[in-house]
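The figures that follow rest on heavy atoms only: side chains count, while hydrogens, waters and symmetry mates do not.
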Amino acid sequence: MAGRINDEDVKAVRDAVPIDAVVSEYLQLRNAGGGNLKGLCPFHDEKSPSFQVSPSKGLFHCFGCQEGGDTIAFVMKLDHLTFSETVERLAAQAGITLRYEEGGYNPSNQRGERIRLVEAHKIAAQFYVEQLDSAEAEIGRKFLAERGFDQAAAAHFGVGYSPAGWDHLTRFLRGKGFTDKELTLSGLSQEGRRGPIDRFRGRLMWPIRDISGEVVGFGARKLREDDNGPKYLNTPETPIYKKGQVLYGVDLAKKEIAKSSRAVVVEGYTDVMACHLAGVTTAIATCGTAFGGDHIKILRRLLMDNGSARVIFTFDGDAAGQKAALRAFEDDQKFAAETYIAIAPDGMDPCDLRLAKGDEAVADLVEPRTPLFEFALRQIVNRYDLETPAGRAAALDEAAPIVARIKNSGAQHEVAVELAGMLGILDTQFVVKRVAQLARWARDRGGRGPAPQQHKEHAPQYAQGAPQNRTPGGPALNLRSPAHRTERELLKLALQYPQLVSPAFDAYGADEFTAPPYAAVREAIVYAGGAEQGVQDPSGYLARVRDAAPDDTVRAMVTELAVEAIMRRTVDEVYAGEQLVQVRLRAVDRRVRDLQGSFARLGPHADPAQLAAAQNELWVLQQYGRALRERGAEAL
């Protein structure tokens with residue numbers, strides 16, 4: 001077992017890697033006000049951004065699904081890494097050498113599985129790049145040159161060559177300290193008769209990177225006639241490579257996609273290269289699989305569901321390309337962006353088009369022209385004989401349900417009118433009503449379906465018995481209650497601006513917070529050293545509070561309160577004092593009511609000493625309450 005990473009080094013990693021820089025590798029962030037940033041949550045599907053990042057606090061929180069935490073937690077959750085693997089990855093990015101307790105420096109063969117597999121791919125990618133210069137790789141260089149790619153283009157995309165021998169890469173990686181088990185698990189090697197051999201041999205190699213830029217797999221193109229394998233051979237499914245969850249070129253295209261709110265989806269590695277070299281730097285491609293739901297999630301996070309965003313699909317004009325376009329249309333409604341299709345003249349793909357007609361032709365190809373829904377409908381309509389009533393009726397039967405799936409009612413009506421024109425049906429209203437009826441039936445069927453069950457492990461401990469329609473993971477709170485709102489605001493101040501509420505806040509008891517979740521957060525702050533700790537150690541304060549939380553539910557609440565914006569634009573001592581006074585005053589008033597109720601229960605036969613003590617406490621509390629109302633924070 002590897003030793004435990006030194007706590008000081010973990011803190012150094014947290015401080016050295018800005019959370020907004022890390023999160024921006026995965027999704028587009030925009031200004032949310034108050035120093036915060038917002039974007040579409042990568043942990044659940046949503047139409048409007050509820051995911052917020054606080055760079056100053058080093059925390060993120062989603063107000064939709066309640067996921068939250070610091071930089072380390074974000075990478076752990078999104079990339080499914082262990083704590084140690086995440087710290088090691090971030091430390092490598094920041095150039096920090098980690099120290100390990102119980103055994104000193106952690107040797108490379110003890111590091112986390114994912115870190116090891118990624119490192120193996122990184123070394124393999126460099127190995128393949130170096131092999132492209134070898135005499136044996138002449139056939140690969142010729143292949144690239146014939147498609148208009150020079151040495152600089154190959155270097156920009158990291159294109160390499162795998163030697164034709166049985167185990168060149170396997171032996172090389174063994175020499176770097178990787179085990180046979182790691183090599184086969186990574187997909188770089190496969191079992192042979194006498195042990196592991198190279199999976200890729202005698203092929204042109206494209207490194208496939210995830211959105212953060214790490215190599216997680218390869219696409220290998222056949223070069224020789226005597227190679228009996230498929231034209232393209234990709235890395236198999238591995239712990240770090242899921243072909244349905246990666247987009248080739250997204251690491252190079254993501255910034256421009258986010259900036260321009262536009263993405264171009266092509267079909268292959270060389271098409272991505274051709275587009276980028278032609279100036280279309282938003283081009284990406286799937287890796288040996290159809291464009292699907294997980295790919296859409298990646299793009300939506302980059303496009304931020306901007307209504308003016310554009311996604312342009314380029315497909316070959318043959319039957320396979322048309323089929324791919326129809327598959328893409330099935331997921332069209334998952335986009336807020338407008339979707340289009342571009343088919344080059346003579347069915348050429350972007351790579352062929354660039355060779356035949358130059359860069360300008362590629363740039364012109366991907367200018368939006370034909371909406372994807374229009375293309376899909378035409379493919380359906382063209383299969384029928386529209387000269388006959390029966391043909392028009394059959395075409396309408398197949399096309400109308402597709403139009404009915406369009407969620408925007410205005411767009412649905414317009415497309416229904418266009419469909420009537422395509423079919424040659426003069427009674428436009430008949431088609432419009434037919435589509436509307438199908439849409440209504442679909443909604444009704446969906447409305448009668450069972451509600452999804454919440455998983456018990458996501459329910460907060462203090463929400464047992466709470467209404468079941470509450471947001472999963474959300475606390476049992478009533479934000480219409482003035483008391484709860486004020487308690488929430490005071491805790492936000494204690495976490496975000498401890499200098500404004502210290503030292504008064506630290507004298508508040510957990511019983512002054514009527515919402516159980518808020519009382520739990522107050523206790524966590526106590527165990528972390530109080531708000532005074534936030535004044536003395538601003539950089540480590542929130543981490544201490546989160547570590548002091550008794551469970552993940554309370555920890556999530558701490559993160560949420562630390563990220564959520566304060567309800568007032570000007571946050572100063574006056575505002576902080578008002579919240580301190582309101583929470584304390586409500587606690588005083590509650591105790592006064594309790595004592596008054598006690599007098600009624602004690603009756604005339606009460607013990608004189610007990611009665612005198614209660615009366616004295618009541619008098620003190622009433623005087624204190626009057627002072628709070630008249631003098632405000634000065635009376636605290």
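Counting only N and O atoms by type, the side chains of Glu487 and Thr514 include a donor and acceptor under 3.5 Å apart. Glu532 and Ser502 share a side-chain donor-acceptor pair at under 3.5 Å.
Of the listed residues (Leu491, Val583, Leu490), just one forms a side chain to side chain contact (heavy atoms under 4.5 Å, CB included) with Tyr518, and that residue is Leu491.
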Verify ring-ring contact (aromatic ring centres under 6.0 Å, His included) between His121 and Tyr241, making sure each step is shown before the conclusion. CA-CA 11 Å; His121 276 78; Tyr241 178 77; 8.2 Å; no
Apply salt bridge (Lys or Arg N to Asp or Glu O under 4.0 Å) to the pair Arg488 and Glu564, showing each step before the final yes or no. CA-CA 10 Å; Arg488 185 180 188 90; Glu564 185 177 296; 2.7 Å; yes
Going through the distances and angles, do Arg586 and Asp589 end up as a salt bridge (Lys or Arg N to Asp or Glu O under 4.0 Å)? CA-CA 5 Å; Arg586 286 195 176 99; Asp589 289 344; over 6 Å; no
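Within the 4.5 Å cutoff, side-chain heavy atoms of Arg568 are placed close to those of Glu578.
Salt bridge annotation for Arg114-Asp210: present, with a cationic side-chain nitrogen under 4.0 angstrom from a carboxylate oxygen. Salt-bridge annotation for Glu119 and Lys176: absent, with no side-chain N of the basic residue lying under 4.0 Å from a carboxylate O of the acidic one.
Among all heavy-atom pairs drawn from Lys492 and Ala565, the shortest one is NZ-O, 2.8 Å. When all heavy atoms are compared, the tightest approach of Ala73 to Gly68 is CB-O, 4.4 Å.
Between the side chain of Arg99 and the main chain of Asn6, no donor-acceptor pair closer than 3.5 Å is present. Checking side-chain atoms of Asp20 against main-chain N and O of Pro55 turns up no donor-acceptor pair under 3.5 Å.
Here Tyr624 pairs with Arg584 under the side chain to side chain donor-acceptor pair (under 3.5 Å) rule; sequence neighbours left out.
In summary, the aromatic rings of Tyr128 and Phe218 are positioned with their centroids under 6.0 Å apart.
For Glu8, the CD atom counts as loosely surrounded, since its 6.0 Å shell holds 12 or fewer non-hydrogen atoms of other residues, nucleotides or ligands.
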